[in-house]
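To keep things clear, I will list the structure first and then write my remarks on it.
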Amino acid sequence: MSDEKRINMSGNFVVCDVQEEYIEHLFGILSEQLPGAYQFYLFHDSEKMMEFIEQTDTDVLLTCEEYREKIRYVPGIRKKFIFTENRKKHRNTGDIPIFRYQPAGKILSEIKNGIRESAQINVTAEIPVRKRPEGKSYPQKKGRERIRAEPEQIRARGRPQRNIMRDETQVRGIIGIYSPVHRIGKTRFAMRMGQKIAEKMPVLYLNLEGYSGGNHYFPEKTTQNLGDLIYCMKQERTDYGLKISSMTGQAGGMDYILPMENESDLRTIRGNEWLRLFEDILEKCIYEVLILDLGDCIDGLYEILRSCVRVYTPYIRESAAMAKMEQYEQNLIATGYGDVLSRTVKKQMQMRAREEERDEYMR
């Protein structure tokens, strides 16, 4: 079988490292540069990684030397890449050492070369589920969040769907969804993510776009919206948590507060006020995760992104869209917010999602 044929098939690629922000950034590059080649799984907890690879066929494992002893005797892993600061330590081990402190492009090249040199790569289009003793099935949802690719994320021409499993239940705090590219399904993506996380813990979704299309996404209106919440915060109320609960609606198990209707009103709220609001929600309410669906008109956007424990940036592979993405990333770096990129996970959306979003708005 040729390398080209192998690279177009879908197997399981597991990633786990002690440096969370570092591996998040690299994970985004891997899943972007090897589309359709693998189903990618990211873990921050080594025990959860072990539970997964012991029960599920793993084609490629990328981990660090701190976890090498844990995986040393796990059978069935076809290719192991180990982050290290000393390649000599891993000679004649069968593992492929990768020097950690080098450009991401060089790391990606070494991984691709290591995969091509593999004599056998057993790949499948479906995630296998093995049976535990006594007929008990492997618990797919235990201790981690699985984000399935939605129909618009299924690759064209019959290529297998890419599933990404993350231990999202480890993430608590603010999750931001922002993109300089518009009309590509960002809000649907944000809501679906919030609804999946809500299966594990309390989630509040806030839409901070100038023109959110709230009537489309939330046809059942509550009596109050985000403007009322801001007013409540400024009043220094002692029953803050109770007041918020009276404002929320629910969609798929996820709580939300209706967005503000007037874009000019949204612009008048300062960035420090937003940050205070988010802090109050997480400190005084039941919510463990706050999903922010961010737009361009929000004041203090970069500071808000910096406050997020994770930022998802949807995009599409289109020349104008890629130019916007490049400009956005350069702006972050130039203005001293380059650290936001280390917590950013890029999500490629398909053109079909963009067309469906456009058609819905034109109806």
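Just so you know, these numbers use all the heavy atoms, side chains as well, and skip hydrogens, waters and symmetry mates. All residue numbers in this chain count up from 1 along the given sequence.
- Every pair passing salt bridge (Lys or Arg N to Asp or Glu O under 4.0 Å) that includes a residue from residues 321-340 is listed here, sequence neighbours excluded: R306-D339, E329-K346, D339-R343.
- Scanning both residues, I96 and K79, for their nearest heavy atoms gives CD1-CD, 3.3 Å.
- Residue E263 qualifies as enclosed at atom CD: its count of foreign heavy atoms under 6.0 Å is above 12.
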Audit row: F83, Y22, ring pair (Phe, Tyr, Trp, His ring centres under 6.0 Å) steps and yes/no: CA-CA 12 Å; F83 277 128; Y22 173 89; 5.6 Å; yes
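- Taking the six-membered ring wherever Trp is involved, the centroid distance between the rings of Y328 and Y178 falls below 6.0 Å.
- Counting non-hydrogen atoms of other residues, nucleotides and ligands closer than 6.0 Å to OH of Y231 gives a total of 12 or fewer.
- Side-chain atoms of P202 and V289, non-hydrogen and from C-beta on, never get closer than 4.5 Å to each other.
- For the 3.5 Å distance criterion, the side chains of D255 and Y205 fail to qualify, holding no donor opposite an acceptor.
- The shortest distance between side-chain heavy atoms of N207 and M260 does not fall below 4.5 Å.
- Using bins of under 30°, 30° to 60° and over 60° for the plane-to-plane angle, the ring pair F52/Y41 lands in the tilted bin.
- L108 contributes atom CG, which lies 9.5 Å from atom CG of N113 (distance to the nearest 0.5 angstrom).
- In terms of heavy-atom proximity, K80 sits nearest to I77 at CG-CG2, 3.6 Å.
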From CA spacing to verdict: side-chain contact (heavy atoms from CB on, under 4.5 Å), L62, V14: CA-CA 6 Å; L62 172 62; V14 176; over 6 Å; no
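- Using a 3.5 Å distance cut-off with no hydrogens or angles, the side chains of Q19 and D17 do not pair a donor with an acceptor.
- Separating the CE atom in M201 from the CD1 atom in I286 is a distance of 12.5 Å, to the nearest 0.5 Å.
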Trace of the side-chain contact (heavy atoms from CB on, under 4.5 Å) decision for M322 with V181: CA-CA 9 Å; M322 297 306 291; V181 186; over 6 Å; no
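- Between K200 and E288, no side-chain nitrogen of the basic residue sits less than 4.0 Å from a carboxylate oxygen of the acidic one, so the salt-bridge criterion is not met.
- Under the 4.5 Å side-chain criterion, counting only non-hydrogen atoms from C-beta, M247 is in contact with L229.
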Criterion side-chain hydrogen bond (donor to acceptor under 3.5 Å, both in side chains) on D59 and Y38, from CA distance to verdict: CA-CA 9 Å; D59 296 277; Y38 295 99; over 6 Å; no
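- Within the 4.5 Å cutoff, no side-chain heavy atoms of L290 are placed close to those of I175.
- Side-chain contact check for E199 versus K196: some heavy-atom pair is nearer than 4.5 Å.
- The side-chain heavy atoms of I111 and L30, taken from C-beta on, include a pair separated by under 4.5 Å.
- Shortest non-hydrogen contact noted between E24 and V345 is OE1-CG2, 3.2 Å.
- Put simply, CD on Q39 and OG1 on T56 are 10.5 Å apart, with the number rounded to the nearest 0.5 Å.
- Look at R276 and E279 and you find no salt bridge, because none of the NZ, NE, NH1 or NH2 atoms lies under 4.0 Å from a carboxylate O.
- Using a 4.5 Å heavy-atom threshold, the side chains of E273 and D299 count as separate.
- Residues that satisfy the side chain to side chain contact (heavy atoms under 4.5 Å, CB included) test with K106, not counting sequence neighbours, are Q102, P103, E110.
- Annotation: side chain to side chain contact (heavy atoms under 4.5 Å, CB included) contacts of C308 (sequence neighbours excluded): I174, V311.
- Using the six-membered ring where Trp is involved, W274 and F278 have ring planes that are parallel, under 30° apart on the 30 and 60° scheme.
- Heavy atoms only, all atoms of each residue included: A198 and G253 are closest at CB-O, 3.5 Å.
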Step-by-step side-chain hydrogen bond (donor to acceptor under 3.5 Å, both in side chains) determination, E303 to Y337: CA-CA 8 Å; E303 277 295 330; Y337 291 90; 2.8 Å; yes
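- T187 and D293 share a side-chain donor-acceptor pair at under 3.5 Å.
- The CD atom of E209 lies 10.5 Å from the CD1 atom of I177; values are rounded to the nearest 0.5 Å.
- Atoms OH and CD, from Y256 and Q195 in turn, are 10.5 Å apart once rounded to the nearest 0.5 Å.
- The heavy-atom pair separating I82 from C64 by the smallest distance is CG2-C, 3.8 Å.
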Residues H25, T344; criterion side-chain contact (heavy atoms from CB on, under 4.5 Å); working and verdict: CA-CA 6 Å; H25 180 63; T344 294; 6.0 Å; no
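- Listed here is the closest heavy atom pair of S179 and P314: OG-O, 2.6 Å.
- A salt bridge between E47 and K70 is present, with a side-chain N of the basic residue lying under 4.0 Å from a carboxylate O of the acidic one.
- Rounded to the nearest 0.5 angstrom, N272 CG and L277 CG are separated by 11.5 Å.
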Working for side-chain contact (heavy atoms from CB on, under 4.5 Å), residues I281 and L206: CA-CA 11 Å; I281 290 173; L206 298 180; 4.1 Å; yes
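- Salt-bridge annotation for D95 and R68: present, with a side-chain N of the basic residue lying under 4.0 Å from a carboxylate O of the acidic one.
- One N or O on the side chain of K186 and one on the backbone of L294 form a donor-acceptor pair closer than 3.5 Å.
- By the 4.5 Å heavy-atom criterion applied to side chains, T248 and L204 are counted as neighbours.
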